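First comes the structure, then the notes that go with it.
None of these values were measured; they are calculated from a predicted model. Hydrogens, waters and symmetry mates are skipped; everything else that's a heavy atom, side chains included, is used. Chain letters run A, B, ... following the sequence lines, proteins first and then strands; every chain starts at 1.
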Amino acid sequence: MVARQSQLFIPTLREDPADAEAVSHKLLVRGGYIRQVSAGVWTFQPIGWRVHRKVEQIVREEMDAIGGQEMLMPVLTPVELWETTGRVSIPELFHLEDRSGRRFILPFTHEETVTFHAREIKSYRELPKILYHFSVKDRDEPRPRGGLLRVREFIMKDAYSFDRDEKGVLTSFEAHREAYKKIFARCGLETYDVQAESGVMGGKFSVDFLAPSGSGENTLVTCENGDYAADLEVARAVPREPRFPERLDAPTEVETPGVATIEALATLLGIDDAATSKAMPVVTEGGTLVLALVRGDDRLSETKLYDALRGASRPATGEEIRAAFGAGGGSLGPIGFEGEIVADEALREGQFVAGANRDGWHLRGVEAGRDYEPRFADLREPREGDRCPECGGALRFRTAIEVGHIFNFGTFYSGPLEATFLDEDGSEKPLLGGSYGIGPGRVLAAAVEQHHDERGILWPDAIAPYDAHVLALHGGSSEVLGVAEELAAGLDEAGLGVILDDRDERPGEKFADADLLGCPVRVTVGRKTLEDDAVDVRRRAETTDLRIARGDVLKWVQDR
RNA sequence: CGGGGUGUAGCUCAGCCUGGCUAGAGCGCUGCCUUUGGGAGGCAGAAGUCCCCAGUUCGAAUCUGGGCACCCCGACCA
């Protein structure tokens with residue numbers, strides 16, 4: 001059926017909404033794709049929903065292709081399921097009660113529920129299984145942002161795999177990784193599968209799919225030579241070489257009155273700031289004071305520190321610092337400190353200026369291994385100018401949207417929920433699970449972020465709301481309108497999705513709306529083209545029309 | 001949760017500092033006319049809880065206090 005724009009609900013806006021910042025947010029609202037109902041709560045309007053469903057269908061096909069079975073689990077969930085796995089205390093979880101006081105939650109993921117069902121798997125003969133659904137998720141986000149980028153309610157495709165052993169887990173995981181690559185490629189997205197930050201449940205089977213874009217919450221690090229991609233939080237990188245001053249046989253004190261920053265220190269001593277070290281005392285959850293050391297020009301990565309300490313930590317207070325070092329912040333260093341020292345790899349070789357643990361003094365020529373014994377770890381946050389850890393190539397830093405996340409959760413849920421099976425040897429074992437999510441809304445937003453120009457969206461073919469936008473510049477001419485209708489019907493019969501702008505509007509408005517909506521091809525019928533028994537066609541990405549015979553339109557659209 | 005910003009017509013905004021007649025503009029909307037290849041023009045018109053509550057004042061969109069909502073930065077993000 002040809003969609004008649006005169007009948008559709010596509011409220012476009014001439015101006016950017018005042019509260020929008022991200023390009024995808026602006027264009028999706030302006031194009032009438034989405035509207036906000038409340039902070040982080042959005043309606044997909046008819047054409048927005050059309051795009052959403054196209055993304056869903058691609059996801060569905062690729063999930064089915066790896067043996068996934070679609071189902072539908074409820075949103076309303078009894079709290080007991082989550083109490084069993086200990087996840088009720090997650091602050092993002094929405095809670096509610098029914099009239100008699102029974103407690104429920106609105107989950108943001110369905111591991112508990114799917115594992116509840118997986119208890120019906122009794123034998124290794126039934127494994128592996130991949131179950132998935134598309135359903136509404138709720139998250140009580142402290143700060144929704146960026147239109148569809150971070151929301152409080154959204155639809156997610158979440159899939160769950162169940163396997164009998166590590167080999168099966170690996171197979172399921174890699175099948176999903178490949179399926180996801182196909183999904184994003186089909187959606188016209190540039191994405192990278194990268195090691196996700198490990199976090200609580202992490203481990204090596206935790207991979208994020210990042211789509212570089214103008215807005216987003218992650219930073220993607222890629223090598224110019226294409227051999228390395230990582231999330232900034234866990235990325236490895238090679239910092240530049242410092243210009244070291246002359247080597248010293250032993251640390252030498254130097255007075256540095258009033259110097260509290262690396263910048264001031266480097267300036268005062270006339271040295272490279274990369275030839276200094278920065279001391280950050282932190283206190284672990286167990287209450288132990290640990291000294292983290294990074295190069296003066298580097299930033300400490302909190303994620304990496306978390307990994308290095310195998311747990312959370314907080315910056316030490318002024319009193320704790322004074323008690324442990326006998327000096328205040330700004331003059332701290334490794335020498336003379338009694339506790340554990342974790343030093344960044346960049347401090348392994350060379351002599352650095354460090355705090356002397358004496359207010360107003362520093363030490364020159366401090367050398368790891370000779371003057372103090374640290375445990376080395378990668379602690380620094382990579383930054384512009386670093387080189388690729390694989391090949392030494394230049395690294396690129398781009399903001400990115402996380403469009404998918406796949407990870408392995410082992411027995412985290414099957415244990416507490418007692419989802420077990422009998423293995424071939426007759427022993428009872430917990431199912432090994434994996435979890436695989438894709439947010440179609442984010443895919444859609446990322447597609448707009450990656451494909452747009454100053455006039456509007458340029459949808460990738462596979463997810464465009466319509467394949468062809470036929471503009472009837474009829475201006476009261478029933479003949480022109482008739483030809484446009486005929487043409488649209490022809491394209492429709494050939495299986496294309498067609499939207500016909502039959503509105504009683506001026507040409508300029510139709511062109512502007514067509515550009516904004518962003519369908520891949522535009523077909524214009526007007527008095528001028530009729531004179532030539534022709535129509536004008538153009539791809540959305542181009543800026544000029546091509547006049548072709550009416551009879552050639554279908555072929556042109558299909559061959560383009 | 002910390003910091004910053006905004007809230008006036010459907011949308012984008014002016015007015016607020018320095019209180020004062022009936023609260024404005026552009027776009028959009030309704031009717032009529034004209035026009036019809038990049039948001040054209042004319043005439044007529046509809047449309048407001050000036051975010052809410054309280055206070056100050058003869059008088060509050062404007063000043064004060066409290067609250068709410070939304071946006072941005074940060075924290076958070078199993």
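- Using cut-offs of 30° and 60° for the angle between ring planes, the A/Y180 and A/F209 rings count as tilted.
- Between A/R539 and A/E542, at least one side-chain nitrogen of the basic residue sits less than 4.0 Å from a carboxylate oxygen of the acidic one, meeting the salt-bridge criterion.
- Atom name C1', nucleotides B/A44 and B/U8: the rounded distance is 26 Å, in whole Å.
- Of the candidates B/C77, B/C13, B/A75, the closest approach to any side-chain atom of A/A18 belongs to B/C13.
- Taking atom C1' in both B/A46 and B/C27, the straight-line distance is 16 Å, to the nearest Å.
- The distance from atom CD of A/E454 to atom P of B/G38 is 17 Å, rounded to the nearest whole Å.
- With C1' as the reference atom, B/A60 and B/C52 are 15 Å apart, rounded to whole Å.
- Interface remark: the A/R143 side chain does not form any donor-acceptor pair with the B/C72 base, using a distance-only criterion of under 3.5 Å.
- Taking atom C1' in both B/A23 and B/G59, the straight-line distance is 16 Å, to the nearest Å.
- Within 4.0 Å (heavy atoms only), A/P11 reaches no atom of the nucleic acid at all.
- When each of B/U35, B/C77, B/G39 is scored by its nearest atom to the side-chain atoms of A/R506, the top-ranked nucleotide is B/U35.
- Note: A/F409 and A/Y160 have tilted aromatic rings, judged against thresholds of 30 and 60 degrees for the angle between ring planes.
- Across B/U22 and B/U36, the matching P atoms stand 46 Å from one another, rounded to whole Å.
- A/A39 comes within contact range of the sugar-phosphate backbone alone, with a heavy-atom separation under 4.0 Å but no base atom that close.
- Using atom P as the reference point in both B/G37 and B/G45, the two lie 31 Å apart (nearest Å).
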